[in-house]
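Both ligands and their constituent atoms are indexed starting at 1 by order of listing. Note that the coordinates shown come from a computational prediction; the quantities given were computed from them, not determined experimentally. Both backbone and side-chain heavy atoms feed into the values below; hydrogens, waters and symmetry mates do not.
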Amino acid sequence: MFSDFALHERLLKAVAELKFVEPTPVQAAAIPLALEGRDLRVTAQTGSGKTAAFVLPILNRLIGPAKIRVSIKALILLPTRELAQQTLKEVERFAQFTFIKSGLITGGEDFKVQAAMLRKVPDILIGTPGRMLEQLNAGNLQLNDVEVLVLDEADRMLDMGFAEDVQRLVDECPNRQQTMLFSATTGGSGLRDMIGKVLNNPEHLQLNQVSQLNATTRQQVITADHNQHKEQIVNWLLANETYQKAIVFTNTRAMADRIYGRLVAQEYKAFVLHGEKDQKDRKLAIDRLKQGGVKILVATDVAARGLDVEGLDLVINFDMPRSGDEYVHRIGRTGRAGNDGLAISLICHGDWNLMSSIERYLKQSFERRTIKEVKGTYSGPKKVKASGKAVGVKKKKTDAKGDKKKTGAKAPTKRKIANRPKTDALSLVSKDGMAPLKRRKPEAPAAE
Ligand code: AMP
């Protein structure tokens with residue numbers, strides 16, 4: 001129960017108003033320590049309720065009678081604009097029965113309007129490091145009196161190249177009494193370095209044992225023959241699954257655009273988000289998705305970071321994410337705060353080993369699913385090793401000259417190749433008048 005925490009009654013009233021009944025595990029572990037003023041290093045998954053875990057103790061520290069504001073008392077840094085906006089909303093919801101004011105500083109918004117907001121001096125400032133630093137350099141920001149500093153999704157901030165900016169901002173808060181660092185993953189040496197520099201004798205709370213992840217999200221895999229077959233499966237799933245809102249993940253912008261085009265052609269209300277889209281598009285996509293005007297989002301990993309959309313209950317991995325952590329981030333979009341979710345990964349021959357290493361990383365075995373209406377021929381490798389990976393096909397032996405040794409099947413002779421029907425290299429329509437051969441221009445994968 002939230003009333004077990006030593007929180008001010010006005011905060012408990014807000015918690016009740018929001019219909020939060022039970023604290024989530026990260027809240028149960030972090031709130032008492034944060035209330036004591038301890039530095040915290042928390043590893044917790046996206047959607048675990050970690051925002052309230054640091055916001056409530058900050059508000060509890062700052063709560064009091066209305067007073068003339070003189071300085072910023074708490075600074076919350078996050079990697080993306082959307083995450084910053086969501087955090088501001090969360091702060092405002094919890095602070096609704098207090099006089100505490102908060103402000104937002106992110107890129108993509110009017111610089112002067114932000115400067116005017118800063119002149120009014122919010123108690124809590126939330127934002128992304130890049131723009132925050134610009135406001136600081138312009139002389140609009142004074143962080144000397146910051147008492148509490150939060151670095152949320154610190155691993156993401158490092159991934160996105162914010163290490164130096166974050167360190168600069170941390171140095172601007174020399175009088176802070178408490179620092180809390182949150183990350184979804186345990187991170188690498190960059191994160192360890194940051195932890196060593198910014199935290200003072202922290203308590204480490206490790207909430208996301210990967211094997212416990214997403215207990216409320218069913219995780220399935222469906223095998224596919226090739227990308228076109230994957231597209232058929234996506235169509236079937238979007239037409240037949242029960243969901244409020246869905247997100248389809250791809251590894252490249254080109255594939256995201258392609259799937260989006262197909263969905264729109266079928267009159268689905270969809271939106272696409274990837275690194276080439278500007279801030280306006282991102283905002284529009286997220287607003288429409290939240291309001292329900294759009295039900296399906298096609299996105300790459302970078303674009304989807306920090307999304308918290310209620311009712312997002314179906315995640316389709318068109319491409320398998322490239323790492324276990326990325327997988328955790330993707331499926332963290334669904335099954336948030338106890339709601340049920342479904343995550344489906346589409347697996348071609350080339351995705352199998354990646355899938356099995358992610359299963360091993362998560363210590364989970366994904367449910368195998370087949371859909372008879374769109375069943376293909378590939379159903380996994382013929383043989384798998386103990387690790388779950390495919391047993392490789394033995395390479396043919398070569399002789400000393402590097403030529404293949406004769407096997408049963410003969411290689412086609414030059415003459416036979418020459419006799420094949422010729423194709424027009426550009427249109428790839430076969431000259432013998434048969435059906436056009438499908439081919440798109442080869443394109444370099446526009447990875448995010
Ligand atoms: P977060 O991980 O902080 O982004 O939280 C994910 C979602 O869970 C947000 O929409 C929160 O409002 C919601 N939430 C957080 N804590 C609780 C709770 N104790 N009970 C119900 N919902 C919660």
Side-chain angles (χ1 to χ4, degrees), residues 1-5 7 11-32 34-35 40-60 74 76-96 102 104 124 126 128 150-157 180-185 205-210 212-217 244-245 247 286-287 289-292 304-313 315 325 328-341 343:
M1 298 285 282
F2 277 91
S3 52
D4 294 339
F5 299 133
L7 287 170
L11 299 179
L12 290 175
K13 192 172 162 197
V15 168
E17 183 98 345
L18 294 172
K19 303 199 167 50
F20 284 16
V21 182
E22 281 296 321
T24 64
V26 66
Q27 291 160 0
I31 291 175
L35 285 171
L40 296 183
R41 186 247 154 122
V42 183
T43 316
Q45 73 182 96
T46 324
S48 59
K50 63 188 166 60
T51 315
F54 61 80
V55 169
L56 285 168
I58 291 178
L59 292 173
N60 202 69
I76 302 172
L77 295 178
L78 315 105
T80 66
R81 297 157 191 180
E82 289 81 26
L83 199 57
Q85 282 156 355
Q86 284 156 18
T87 304
L88 175 75
K89 277 198 190 134
E90 198 90 333
V91 171
E92 285 175 343
R93 293 197 305 168
F94 287 124
Q96 60 183 303
S102 36
L104 187 70
I124 303 176
I126 300 156
T128 49
V150 176
L151 306 179
D152 192 14
E153 304 224 353
D155 48 350
R156 286 273 159 241
M157 288 202 276
M180 293 180 267
L181 181 145
F182 290 76
S183 66
T185 62
L205 305 174
Q206 171 111 25
L207 273 299
N208 74 339
Q209 294 299 328
V210 281
Q212 301 165 4
L213 277 184
N214 291 284
T216 56
T217 298
Q244 286 182 52
K245 288 166 198 164
I247 185 162
I286 290 162
D287 286 349
L289 198 67
K290 283 191 171 166
Q291 289 152 11
R305 244 151 234 172
L307 272 185
D308 177 16
V309 177
E310 233 170 80
L312 193 56
D313 44 7
V315 172
D325 281 345
V328 170
H329 275 282
R330 285 188 185 183
I331 63 168
R333 312 278 124 235
T334 179
R336 289 170 87 85
N339 295 323
D340 288 344

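Side-chain contact between Lys50 and Met180 is absent, with no heavy-atom pair separated by less than 4.5 Å. The shortest side-chain heavy-atom distance between Ile76 and Ile58 falls under the 4.5 Å cut-off.
For the atom pair OG1 (Thr87) and CD1 (Ile124), the distance works out to 11.0 Å, reported to the nearest 0.5 Å.
The side chain of Gln27, and not its backbone, has at least one atom closer than 4.0 Å to an atom of ligand 1 (non-hydrogen atoms only; side chain from C-beta on). Contacts of Phe54 with ligand 1, taken as heavy-atom pairs under 4.0 Å, are absent altogether.
Here's the thing with Gly49: one of its N/O atoms is less than 3.5 angstrom from an N/O atom of ligand 1.
Side-chain N or O atoms of Ser183 include none that pairs as donor or acceptor with a backbone N or O of Asp155 at under 3.5 Å. Judged by distance alone, with hydrogens and angles left aside, the side-chain atoms of Asp313 form a donor-acceptor pair with the main-chain N or O of Lys245 at under 3.5 Å. Using a distance-only test at 3.5 Å, with no hydrogens or angles considered, a donor-acceptor pair links the side chain of Gln27 to the main chain of Gly49.
The atoms of ligand 1 that sit less than 4.0 Å from any heavy atom of Thr51 are 1 (P), 3 (O), 4 (O). Per-residue contacts place Arg93 under 4.0 angstrom from the following atoms of ligand 1 (heavy atoms of the residue considered): 12 (O). Counting atoms of ligand 1 from 1 in the listed order, those under 4.0 Å from a heavy atom of Glu22 are 18 (C), 19 (N), 20 (N). For ligand 1, the atoms closer than 4.0 angstrom to any heavy atom of Phe2 are 19 (N). Each of the atoms 11 (C), 12 (O) of ligand 1 lies under 4.0 Å from some heavy atom of Glu90.
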